[in-house]
K.L.:
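Before we start, here is the structure in question, set down as structure tokens.
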Amino acid sequence: AQETTAALPHPLPARNGKGREGVKLNMAEPIPIYRFLDCDAALKTLEAGRFRVGLLSKFNDPFEWKLGLTGITTQEEQKTAEKLKSEHQPWLESWMGIMCFSDSVSDPVLWSLYAEKHRGVAFEVKYAWNDKEENLFKMVYSDERPVLDFHQLRKHHNLTEREEYLKSLLDRLRKQKSMGFSFEREYRLAIDLRDRKHCQCNDGNYDWQLPDNSLKRVILGFRCPLEESTVRKLLDKNGFVDTQVVKAKMCSETYAIKC
């Protein structure tokens, strides 16, 4: 039987700022993105001056980084499929974490779901991301899952063709979610957990250091119990002296949150 197994390509760009094929990656535009946290997590973030990095197995979407599998006809292919199911996500979590953001701060649904029903906080981050050290990408939404079709894989007779097929699947896998999550308008930052310059491990948790001058505003939900003066002191203590502290409020004319 023809060999059908192939290792999935590395999901982060090369550390020299070039893609795996040596193509220069574009820097993301410096747009504001927002990280929503509940009040307790926000306070811990302010005290530490760092964001906690998420691991895929802890996310609320059970389809995260899980390929659909079809076209399996041999025992070897079945073993490969089982190996992907059981080993791929733990392997990713051994060295890669994810930071989740949205490009919207006015949607009350985001505040309700991800900021403790408006008792939490949104952190506004704006930075010209450098692909040498960070990998920011925008999520897309679809009803079609990325599916590894072993019948298609068998049609690719050389290694280059197989790699291209798998790379296209991997790109969809890391950037794509169900259409049901489209309200999130999500951006993600892939974090290399081995990067000790920006990422620190404490008791099995990973904390990521914000780039200088990237935290523009700390937006308190309109029900947030944190005092603005307390937040200001914590920001100043950690060197975020230029970061603004503002309080969100309900718009009187629309269903938007104003801040």
K.L.:
If every non-hydrogen atom of Y141 is compared with every non-hydrogen atom of M179, which pair is closest and at what distance?
P.N.:
O-CE, 3.3 Å
K.L.:
Hey, any chance I98 and L67 share a hydrophobic cluster, counting ILVMFWY side chains that come within less than 4.5 Å of each other, even indirectly?
P.N.:
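Yes, I98 and L67 fall within the same hydrophobic cluster.
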K.L.:
Does E93 reach the main-chain N or O of L56 with its side chain, forming a donor-acceptor pair under 3.5 Å?
P.N.:
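Judged by distance alone, yes, a pair lies under 3.5 Å.
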K.L.:
Students often mix this up, so state it plainly: with edges at 30° and 60°, are the rings of Y114 and F183 parallel, tilted or perpendicular?
P.N.:
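Ring orientation, 0 to 90° scale: parallel.
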K.L.:
To the nearest 0.5 Å, how far apart are CG in L173 and CD in E64?
P.N.:
9.0 Å
K.L.:
Could you grab the distance from atom CD of E164 to atom CG of L159, nearest 0.5 Å is fine?
P.N.:
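Reported to 0.5 Å precision, the distance equals 10.0 Å.
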K.L.:
Is it true that, when you exclude E228 itself, more than 12 heavy atoms of the residues, nucleotides or ligands shown sit nearer than 6.0 Å to its CD?
P.N.:
yes
K.L.:
Compare every heavy atom of K247 with every heavy atom of C224, then report the nearest pair and how far apart it is.
P.N.:
O-NZ, 2.8 Å
K.L.:
Are K197 and D195 close enough for a salt bridge, meaning some N to O gap below 4.0 Å?
P.N.:
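So K197 does not pair with D195 through a salt bridge.
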K.L.:
Below 4.5 Å, heavy atoms only, C-beta onward: do W65 and L170 meet side chain to side chain?
P.N.:
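The answer is yes, as the side chains (C-beta and beyond) meet within the 4.5 Å cut-off.
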K.L.:
For the pair K85 and K66, evaluate side-chain contact (heavy atoms from CB on, under 4.5 Å) and give the outcome as yes or no after the intermediate values.
P.N.:
CA-CA 7 Å; K85 287 180 181 179; K66 292 179 181 177; over 6 Å; no
K.L.:
Quick one, M99 with V53, criterion side-chain contact (heavy atoms from CB on, under 4.5 Å). Give me CA distance, side-chain angles, the key distance, then yes/no.
P.N.:
CA-CA 6 Å; M99 298 282 297; V53 179; 4.2 Å; yes
K.L.:
Find out whether L43 and L234 are in side-chain contact, i.e. whether some heavy atom of one side chain is under 4.5 Å from a heavy atom of the other.
P.N.:
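A side-chain contact exists here, since the closest heavy-atom pair is under 4.5 Å.
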K.L.:
Looking at V121 and A115, what are the two nearest heavy atoms and their distance?
P.N.:
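Taking V121 first and A115 second, the nearest heavy atoms are N-CB, 4.1 Å.
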K.L.:
Just by distance, no angles: are the side chains of S86 and E82 close enough, under 3.5 Å, to form a donor-acceptor pair?
P.N.:
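The answer is no; no qualifying pair exists.
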K.L.:
Is a side-chain N or O of S106 found less than 3.5 angstrom from the main chain of A256, in a donor-acceptor match?
P.N.:
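Side chain of S106 to backbone of A256, a donor-acceptor pair under 3.5 Å: no, none is there.
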K.L.:
Are the side chains of I191 and Y206 in contact, using a 4.5 Å heavy-atom criterion?
P.N.:
no
K.L.:
Going by heavy atoms in the side chains, are L46 and F123 under 4.5 Å from each other?
P.N.:
yes
K.L.:
R232 side chain to E227 main-chain N or O, any donor-acceptor pair under 3.5 Å?
P.N.:
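Judged by distance alone, no pair lies under 3.5 Å.
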K.L.:
Check L69, T74, T73 against F150 for a side chain to side chain contact (heavy atoms under 4.5 Å, CB included) and give me the one that passes.
P.N.:
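So the option named by the test is L69.
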K.L.:
Side chains of R52 and K44: does their closest heavy-atom pair fall under 4.5 Å?
P.N.:
no
K.L.:
Return the minimal non-hydrogen interatomic distance between G71 and D149, and the atom names on each side.
P.N.:
CA-OD1, 4.0 Å
K.L.:
Show, in sequence, the C-alpha distance, side-chain angles and deciding distance for L189 and V125, and conclude whether the side-chain contact (heavy atoms from CB on, under 4.5 Å) test is met.
P.N.:
CA-CA 12 Å; L189 190 64; V125 177; over 6 Å; no
K.L.:
Angle between ring planes, H118 versus W111, binned at 30° and 60°: parallel, tilted or perpendicular?
P.N.:
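Correct class here is parallel.
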K.L.:
How close do C199 and L193 get, heavy atom to heavy atom, and via which atoms?
P.N.:
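So the minimum-distance heavy-atom pair works out to SG-CD2, 4.0 Å.
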K.L.:
Measure the spacing between CD of Q244 and CG of L215 and express it to the nearest 0.5 Å.
P.N.:
10.5 Å
K.L.:
Determine, using the 4.5 Å side-chain heavy-atom cutoff (strictly less than), whether L113 and I257 are members of one ILVMFWY cluster.
P.N.:
yes
K.L.:
When you check the gap from the basic side-chain N to the acidic O, do E124 and K126 get nearer than 4.0 Å?
P.N.:
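K126 and E124: not salt-bridged.
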K.L.:
After noting the C-alpha distance and the side-chain angles of R145 and F63, does the key distance pass the side-chain contact (heavy atoms from CB on, under 4.5 Å) rule?
P.N.:
CA-CA 9 Å; R145 283 183 71 184; F63 290 97; 3.5 Å; yes
K.L.:
Could you tell me the separation between the CD atom of E184 and the CG atom of D107, rounded to the nearest 0.5 Å?
P.N.:
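The distance works out to 10.5 Å.
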K.L.:
Treat each ILVMFWY residue as a node, draw an edge where side-chain heavy atoms are under 4.5 Å apart, and state whether F51 and L136 are in one component.
P.N.:
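Yes, F51 connects to L136 through the hydrophobic network.
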K.L.:
Between the main-chain N or O of T45 and the side-chain N or O of R50, is there a donor-acceptor pair closer than 3.5 Å?
P.N.:
no
K.L.:
So does K167 pair up with D171, basic N to acidic O under 4.0 Å?
P.N.:
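No, no charged N to carboxylate O under 4.0 Å.
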K.L.:
Can you tell me if R188 uses its side chain to pair, donor with acceptor, with the backbone of M139 under 3.5 Å?
P.N.:
no
K.L.:
Testing the basics here: between N158 and E161, what is the closest heavy-atom pair and its distance to 0.1 Å?
P.N.:
OD1-N, 2.8 Å
K.L.:
With a sphere of 6.0 Å drawn around NZ of K237, does it hold more than 12 non-hydrogen atoms of other residues, nucleotides or ligands?
P.N.:
no
K.L.:
Rounded to the nearest 0.5 Å, what separates atom CZ in F240 from atom NZ in K216?
P.N.:
11.5 Å
K.L.:
Are the side chains of I31 and I33 in touch, meaning some heavy atoms are under 4.5 Å apart?
P.N.:
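When only atoms from C-beta onward are counted, I33 and I31 do touch, with a gap below 4.5 Å.
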K.L.:
Hey, does the side chain of Q176 reach the backbone of E144 with a donor-acceptor pair shorter than 3.5 angstrom?
P.N.:
yes
K.L.:
Linking I/L/V/M/F/W/Y whenever any side-chain heavy atoms sit under 4.5 Å apart, do V231 and I219 land together?
P.N.:
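In one cluster: no.
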K.L.:
Using a 3.5 Å distance criterion without hydrogens, assess whether the side chain of R162 forms a donor-acceptor pair with backbone atoms of H156.
P.N.:
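It does hold such a pair.
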K.L.:
Measuring from atom CE of M250 to atom CZ of F222, what distance do you get when rounded to the nearest 0.5 angstrom?
P.N.:
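Going from the CE atom of M250 to the CZ atom of F222 covers 5.0 Å.
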K.L.:
Classify the ring geometry between W91 and W95 as parallel (under 30°), tilted (30 to 60°) or perpendicular (over 60°).
P.N.:
perpendicular
K.L.:
Do L110 and Y187 share a hydrophobic cluster (ILVMFWY, side-chain heavy atoms under 4.5 Å, transitive)?
P.N.:
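L110 and Y187: separate clusters.
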